[in-house]
Undergrad: 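Below is the structure I would like to discuss, written out as structure tokens.
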Amino acid sequence: MGQEELSDVSPLSETDHMAANLHKSNDKDTGGGDSPRSEDLCVKNAADEAGDKVSKLETLLRPPSHFPQPEAPAGLMKSPSSGDENYLPLDRSISLTSSTAMDMASFGKFIRDRGNSFSAAIVKRISSLKEGDDAAKSVTEFHLSGLKVIVRLKDEEDDGDYGDIKGRISFFSRSGCRDCGAVRSFLRSKGLPFVEINVDVFTEREKELVDRTGGVAVPAIFFNERLVGGLVALNSLRNSGEFERRMREMAGKRCPEIAPRVPVYGFDDEDEAKERREDAMVGVVRVLRQRLPIQDRITKMKLVKNCFAGADMVEVLINHLDCSRQKAVEIGKELARRYFIHHVFRDTDFEDSNNQFYRFLEHDPSISKCFNFRITTNDDQPKPALAVSHRLTKLMSAILEAYASEDHSHLDYIRIGSSEEFRRYTNVLQDLQRVDVFGLSTDERTAFFLNLYNAMVIHANIRIGRPGTIDRRSFFNDFLYIVGGYPYSLSAIKDGILRSNRRSPYSFVKPLSSSDRRTELVLPKVNPLIHFGLCNGARSSPRVRFFSAQGVEVELRHAAREFFSNGGLEVDLEKRVVHLTRIIKWYSADFGQDKDILQWVLGYLDANKTGLLTHLLNDGGPVNIVYQNFDWSLNS
């Protein structure tokens, strides 16, 4: 009989079995005529002894008098001497002999062994569930020797379930900071709410960062009002297990008022507003706006609207400033250089003539399509183009970090459009109206217009929505920014500036005419890599990114490698086919002939694809190029 079976046998049942054996031996004695065996006699004597012990009254041991005294159950009396007829003797199991009695030490050992057996069995069953297939993992309970075991496998999402945290996790950050990105990703993976204070967005909070930490280093992480430190400190908390304890503390502790406050949305930076200064010529401009005869005129067989003659402006300046005619002409030229006014055809400088007509920037016919213009021209002193571009890039980078996927391939346009970062971005856009971009170097122009294009696409998708097939041309030609006194569309930036004024696919004219001063900004040579730095908002487009003037060439190379590694090129060795992005087909003029394209692409592939394509190109057989379908759906 095994250990499990023995555990179910009580001393009373042993007595019953012995009594049964005794009756069987008596039957054999009376019916069979055989002499009784010694074994039967021993059993009989043992049974007699057991019967004698059962017939004896049990003596109840009572607890000491200072302990609570138990009450006898109904039907039992304290002793038989009371004479109560309801008295019943205790029906208690009796061991056969004192040698067979189970002492407490043995009983305790049995319980421990039995518990260990159950524990080992449960662990074994649960381990089999973890190692099993998906079907086995769906088991939620099982039965073990009459014991029901409930199983719940721990999910990764369960790790870090801290409940409702009453406290606040906040950290100061900057756009493009890798350590800040690591902190952000960790908190998101834990499902923890946090407040990010990006000092590139909320520039007024940088002083608070210095006051609280003694420096400008980021990330600076706070649990309520307590400074934790940076990424190294956070990793130390994670590795030591202290992070979980801190979170449990914050779950029951409300955030005090002295903790870093949540950024206030809808209010501009007061310090930045104080730094704005009106242009020195704005007083003269206001007088001209009031006194000049602005009307529609006909010149060169064309109707031009809302314009004035150069001679009329000179007369107003002479009368208002009491200056010479030559001085008035110089003032007119300076206003044109500052982009307050321009020629109606933008082909001549300011002249003192009744046959040359000019208009204010706010009267340009394209102004209604310019999404960085609000009612009137920005009359503040123009900022350097690189400074404005840097500010816009920081804001857009913050938008991507907050409202895009980790790889920036998918954007949440709805949240972007209602965010404080985007509101501030649209405010800064007005500084582009009169910046001077003609003084930028080639690398500076490249980065400036790459970043401007990618930001404009995001802005356009928010304000006018994703176009259909019919409206696509309008999307790329009619969504405009005023930059340095000139309107720029997406097509003008991409095909006019970045592609050295080349025709766009399926177009017969160049985006910039020969008399357009913007031709001075076109890049001296076409760089095919720019196609992998431009995101037009489609799923098949390269992911959105922003560039620095110092490293734009290296960053473009990285963008090309990433694009080709993520499906921009696939090699089918068996069919001898190279599946290539349709971007290269559309802009084949920038990449060259098919064989030249494949040789060029080799420099931007990973080791595996490089080996496959090199094998196809060098074994002497034909290589076919199949261009992939382009998915124009929004990258949301």
Side-chain angles (χ1 to χ4, degrees), residues 272 275-285 288 329-351 358-364 366-367 370-374 376-396 425-453 455-456 480-490 492-494 496-498 500-501 511-513 515-524 546-550 552:
E272 186 175 342
E275 293 177 359
R276 292 183 174 274
R277 298 179 180 178
E278 284 190 341
D279 194 289
M281 304 291 292
V282 71
V284 175
V285 173
L288 294 174
V329 173
E330 290 177 0
I331 293 174
K333 291 181 178 180
E334 181 63 23
L335 293 176
R337 281 194 294 268
R338 299 192 182 208
Y339 306 112
F340 281 112
I341 64 172
H342 60 265
H343 193 272
V344 291
F345 298 130
R346 296 181 180 272
D347 55 359
T348 61
D349 293 333
F350 181 78
E351 297 179 5
Y358 304 87
R359 58 164 63 102
F360 289 104
L361 181 60
E362 59 264 32
H363 293 153
D364 190 282
S366 63
I367 207 68
C370 295
F371 284 78
N372 68 326
F373 191 90
R374 295 178 180 176
T376 185
T377 308
N378 180 7
D379 291 337
D380 294 335
Q381 182 73 26
K383 297 179 180 179
L386 288 182
V388 177
S389 177
H390 180 75
R391 174 71 171 144
L392 291 174
T393 300
K394 288 294 185 180
L395 288 168
M396 268 298 167
Y425 166 81
T426 56
N427 287 344
V428 178
L429 279 179
Q430 297 178 83
D431 292 338
L432 289 173
Q433 294 175 9
R434 298 192 301 111
V435 298
D436 183 13
V437 294
F438 290 93
L440 299 177
S441 66
T442 300
D443 286 346
E444 290 171 345
R445 270 181 284 155
T446 303
F448 180 90
F449 284 104
L450 282 170
N451 295 340
L452 188 62
Y453 181 96
M456 284 179 68
L480 307 176
Y481 279 0
I482 286 284
V483 181
Y486 288 83
Y488 287 85
S489 66
L490 292 169
I493 293 174
K494 181 176 183 177
I497 308 299
L498 298 174
S500 301
N501 202 26
L512 305 179
S513 65
S515 61
D516 195 327
R517 194 191 171 198
R518 291 178 294 176
T519 55
E520 299 176 17
L521 296 173
V522 301
L523 299 185
F546 296 93
F547 300 86
S548 64
Q550 298 80 9
V552 63

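This one's a predicted model, so the numbers in the text were calculated from it and none came from an experiment.
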Undergrad: Does His390 have any side-chain contact (heavy atoms from CB on, under 4.5 Å) partners at least two apart in sequence or in another chain, and if so, which?
TA: Lys394
Undergrad: List the residues meeting side-chain hydrogen bond (donor to acceptor under 3.5 Å, both in side chains) with Asn372, not counting sequence neighbours, and say none if there are none.
TA: none
Undergrad: Arg374: what forms a salt bridge (Lys or Arg N to Asp or Glu O under 4.0 Å) with it, not counting sequence neighbours?
TA: none
Undergrad: Can you list everything that forms a side-chain contact (heavy atoms from CB on, under 4.5 Å) with Ala455? Sequence neighbours excluded, please.
TA: Met396, Tyr425, Phe546
Undergrad: According to side-chain hydrogen bond (donor to acceptor under 3.5 Å, both in side chains), who are the partners of Glu444, at least two apart in sequence or on a separate chain?
TA: Ser441
Undergrad: Can you name the residues that form a side-chain contact (heavy atoms from CB on, under 4.5 Å) with Glu334, not counting sequence neighbours?
TA: Met281, Arg337, Arg338
Undergrad: Run the side-chain hydrogen bond (donor to acceptor under 3.5 Å, both in side chains) test against Asp347 and tell me which residues pass, sequence neighbours left out.
TA: His343
Undergrad: Not counting sequence neighbours, which residues clear side-chain contact (heavy atoms from CB on, under 4.5 Å) with Lys494? List them please.
TA: Tyr453, Arg499, His531, Leu534, Tyr587
Undergrad: Please enumerate all residues that pass salt bridge (Lys or Arg N to Asp or Glu O under 4.0 Å) together with Asp443, with sequence neighbours excluded.
TA: none
Undergrad: Pairs under 3.5 angstrom only: tabulate donor-acceptor contacts from the side chains of residues 379-387 to other protein residues two or more places apart or in another chain.
TA:
| unit_1 | atom_1 | unit_2 | atom_2 | d |
| --- | --- | --- | --- | --- |
| Asp379 | OD1 | Arg289 | NH2 | 3.4 |
| Asp379 | OD2 | Arg289 | NH1 | 3.2 |
| Asp380 | OD2 | Arg276 | NH1 | 3.1 |

Undergrad: State which residues pass side-chain hydrogen bond (donor to acceptor under 3.5 Å, both in side chains) with Thr377; sequence neighbours excluded, sorted by chain then number.
TA: Glu362
Undergrad: Mind checking ring-ring contact (aromatic ring centres under 6.0 Å, His included) for Phe373 and listing every partner two or more places apart, or none if nothing turns up?
TA: none
